[in-house]
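Position 1 is the first residue of the sequence; numbering continues from there.
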Amino acid sequence: MSNAEYIAEERVPDGARPPSRLRQLAAASIGNAVEWYDWYAYSFLAVYFAEQVFPHGAGNSLVPLLSTFAVFAVGFFMRPVGGLLMGALADRRGRRTALTLTILLMGGGSLLVALTPTYAATGVLAPAVLVLARLVQGLSVGGEFAASTTFLVESAGPGRRGLFSSFQYVSTTAGQLLASGTAALLATLLTERQMGQWGWRVAFLFGALLSLLGLWIRRGAQETIAERRAAERPGLFEALRRHPRQSLLICGITAGGTLAYYTWTTYLPTYAQVNAGFDKGDSLTVGTLSLAFFALLQPLGGLLSDRIGRKPLLLGFSLGFAVLAVPLLHLVTDAFLSLLLVQCAGMVLLTGYTAIAAAVNAEVFPARVRAAGIGFPYSLTVALFGGTAPYVGTWFRQAGHPDFFPWYVAVLCLVSFLVYLTLPETARQTLDT
């Protein structure tokens with residue numbers, strides 16, 4: 001019996017059946033999908049509510065400032081704060097407590113977006129409310145990765161940590177697809193005027209309701225770590241203070257992976273439009289098809305890592321992108337098939353990182369500080385390299401050097417390749433709980 005199984009049985013009252021691993025998997029995955037639905041709904045629907053919240057050519061300088069802050073800072077740069085705070089909560093009070101709070105925060109943020117007043121009715125209060133909502137959501141999504149990563153991996157049975165880890169990105173992709181599908185359905189059923197007036201609010205209200213579903217599922221999950229007395233609980237910065245090498249290691253593990261992920265799942269359609277004149281509507285179709293393909297690949301990658309180890313997949317991903325990122329991006333033309341093949345080829349390589357990122361990160365830190373140890377450096381690295389990928393690509397284009405961006409991806413993946421070479425193989429090691 002593994003340590004995780006022993007602790008789970010120890011905490012179940014006499015005569016009661018312990019929750020199944022399927023329930024544990026559902027608690028993390030469905031909740032995570034709801035989190036990312038709420039997160040991505042904002043980007044898909046911003047075109048409809050932007051004019052209601054941010055006025056055209058406002059004379060008040062606070063309005064464009066708040067708009068910029070909402071789009072850039074709130075989105076990704078609140079995530080490290082969430083990773084640190086929610087990760088520390090998960091280490092001090094348990095993973096289930098943190099997972100409950102993150103989904104409540106995301107649902108509350110989604111509800112706040114739905115109820116955001118218009119600029120015409122309240123003036124600068126409208127963008128201020130939207131900024132507050134994104135602050136809450138950024139805090140939530142940063143903490144979600146820290147808590148759900150540790151919960152997923154600690155819930156896995158012997159020899160199944162890679163498989164369970166893969167559902168981190170299965171559920172993330174499911175949330176993204178659900179958000180795009182909801183936005184597309186509303187846009188089909190409603191007129192442009194109705195979408196701009198109130199239709200966009202329906203999607204965020206739906207997200208708030210989904211959060212209640214996720215909360216109900218998570219409340220029935222089993223805690224994965226032993227209960228700690230107050231005197232034994234780790235401090236807020238204990239992971240950084242006592243494990244600086246591991247913290248830097250998380251940054252190195254994540255840097256190439258997050259840049260490649262956001263380039264291939266978020267920026268590539270725009271890259272094709274800007275650099276190859278690709279049709280906007282077709283690029284969205286390609287993006288949807290490739291994301292569905294990507295979700296199907298994740299469990300296969302997780303299972304493979306449980307069989308052959310984590311390092312072969314990580315090395316294959318990073319070396320693959322270091323060598324192929326430039327030629328793949330140069331193959332993008334205005335033909336539908338070219339973008340689909342390039343995006344799917346990248347998804348295959350990317351699976352070597354995404355399917356096992358949760359397991360690899362969890363296996364770096366001891367259980368005492370695992371959530372906070374992962375949460376802060378991971379979210380900070382995502383903010384620096386993943387969240388900025390579209391802006392760096394656009395900046396290179398505006399500077400007259402669009403060919404520099406593929407090399408930027410290749411070089412950062414090469415850096416991660418060198419980091420992966422130093423990692424010990426952890427697939428068959430017992431996870432500290």
Side-chain angles (χ1 to χ4, degrees), residues 4-39 41 82-83 85-112 114 133 136-157 160 164-165 167-168 170-172 174-175 178-179 204-230 233 358 362 367 370-372 374-375 433:
E5 290 174 310
Y6 173 77
I7 290 171
E9 287 196 6
E10 183 181 56
R11 294 170 59 82
V12 176
D14 292 340
R17 294 182 61 188
S20 68
R21 295 195 190 281
L22 184 59
R23 179 71 183 242
Q24 297 287 88
L25 190 61
S29 300
I30 295 176
N32 192 52
V34 171
E35 287 265 347
W36 286 100
Y37 166 86
D38 288 337
W39 180 259
L85 295 180
M86 296 299 144
L89 179 66
D91 290 332
R92 290 172 61 85
R93 299 285 185 176
R95 317 309 191 204
R96 195 177 69 167
T97 300
L99 287 171
T100 299
L101 183 56
T102 57
I103 203 163
L104 280 173
L105 286 172
M106 184 59 80
S110 188
L111 181 61
L112 195 56
V136 171
Q137 290 187 320
L139 191 73
S140 171
V141 80
E144 173 68 17
F145 185 87
S148 64
T149 290
T150 53
F151 182 84
L152 268 174
V153 177
E154 291 169 352
S155 296
R160 286 292 180 264
F164 270 53
S165 168
F167 279 86
Q168 182 76 31
V170 171
S171 55
T172 297
L178 181 60
F204 291 105
L205 287 173
F206 179 54
L209 291 175
L210 284 177
S211 296
L212 293 178
L213 172 63
L215 176 64
W216 175 75
I217 293 172
R218 286 185 168 181
R219 285 179 64 85
Q222 177 70 51
E223 182 55 69
T224 59
I225 60 169
E227 197 170 326
R228 296 190 179 107
R229 292 175 297 182
R233 293 168 185 162
R370 180 171 292 134
I374 294 170
T433 54

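Put simply, the side chain of Thr102 gets close to the backbone of Leu99: a donor and an acceptor are under 3.5 Å apart. Between the side chain of Arg96 and the backbone N or O of Glu223, no donor-acceptor pair lies under 3.5 Å. Judged by distance alone, the side chain of Thr172 and the main-chain N or O of Gln168 form a donor-acceptor pair under 3.5 Å. Not one N or O on the side chain of Ser171 forms a donor-acceptor pair closer than 3.5 Å with the backbone of Ile30. Between the side chain of Asp91 and the backbone N or O of Ala372, at least one donor-acceptor pair lies under 3.5 Å.
Evaluated for a side chain to side chain donor-acceptor pair (under 3.5 Å) with Ser155, the options Arg160, Gln24, Arg23, Arg21 yield exactly one hit, Gln24.
Inter-residue side-chain proximity for Thr150 and Ile374 is flagged as met; some heavy-atom pair is nearer than 4.5 Å. Residues Asn32 and Leu152 have side chains not in contact (no heavy-atom distance under 4.5 Å, counting atoms from C-beta outward). A heavy-atom distance below 4.5 Å is not found between the side chains of Met106 and Glu144. Met86 is listed as a side-chain neighbour of Leu105, based on a closest heavy-atom distance under 4.5 Å. Proximity of Leu85 to Leu139: side-chain heavy atoms (C-beta onward) are separated by under 4.5 Å at one or more points.
Heavy-atom minimum distance, Arg95 versus Ala90: NH1-O, 3.2 Å. The two atoms that bring Gly207 and Tyr37 nearest to each other are CA-CE2, 3.4 Å, heavy atoms only. Here the closest heavy-atom approach between residue Ala114 and residue Phe204 is recorded as CB-CB, 3.7 Å. Taking each heavy atom of Ala367 and Glu154 in turn, the nearest pair found is CB-OE2, 4.5 Å. Across Ala27 and Ile217, no two heavy atoms sit closer than the pair CA-CG2, 3.6 Å. Contact record, Ala146 with Gly375: CB-CA, 3.6 Å, taken as the closest heavy-atom pair.
Separating the CH2 atom in Trp216 from the OG1 atom in Thr100 is a distance of 14.0 Å, to the nearest 0.5 Å. Remark: Ile103 CD1 to Ser140 OG distance equals 8.0 Å, nearest 0.5 Å. Considering CZ of Phe164 and OG of Ser29, their distance stands at 8.5 Å, rounded to 0.5 Å. Annotation: the span from Leu210 atom CG to Leu205 atom CG amounts to 11.0 Å, rounded to 0.5 Å. The distance from atom CH2 of Trp36 to atom CG of Leu178, rounded to the nearest 0.5 Å, is 14.5 Å. Interatomic distance, Arg218 CZ to Ser211 OG, rounded to the nearest 0.5 Å: 9.5 Å.
Remark: Glu35 engages no residue in a salt bridge (Lys or Arg N to Asp or Glu O under 4.0 Å) (not counting sequence neighbours).
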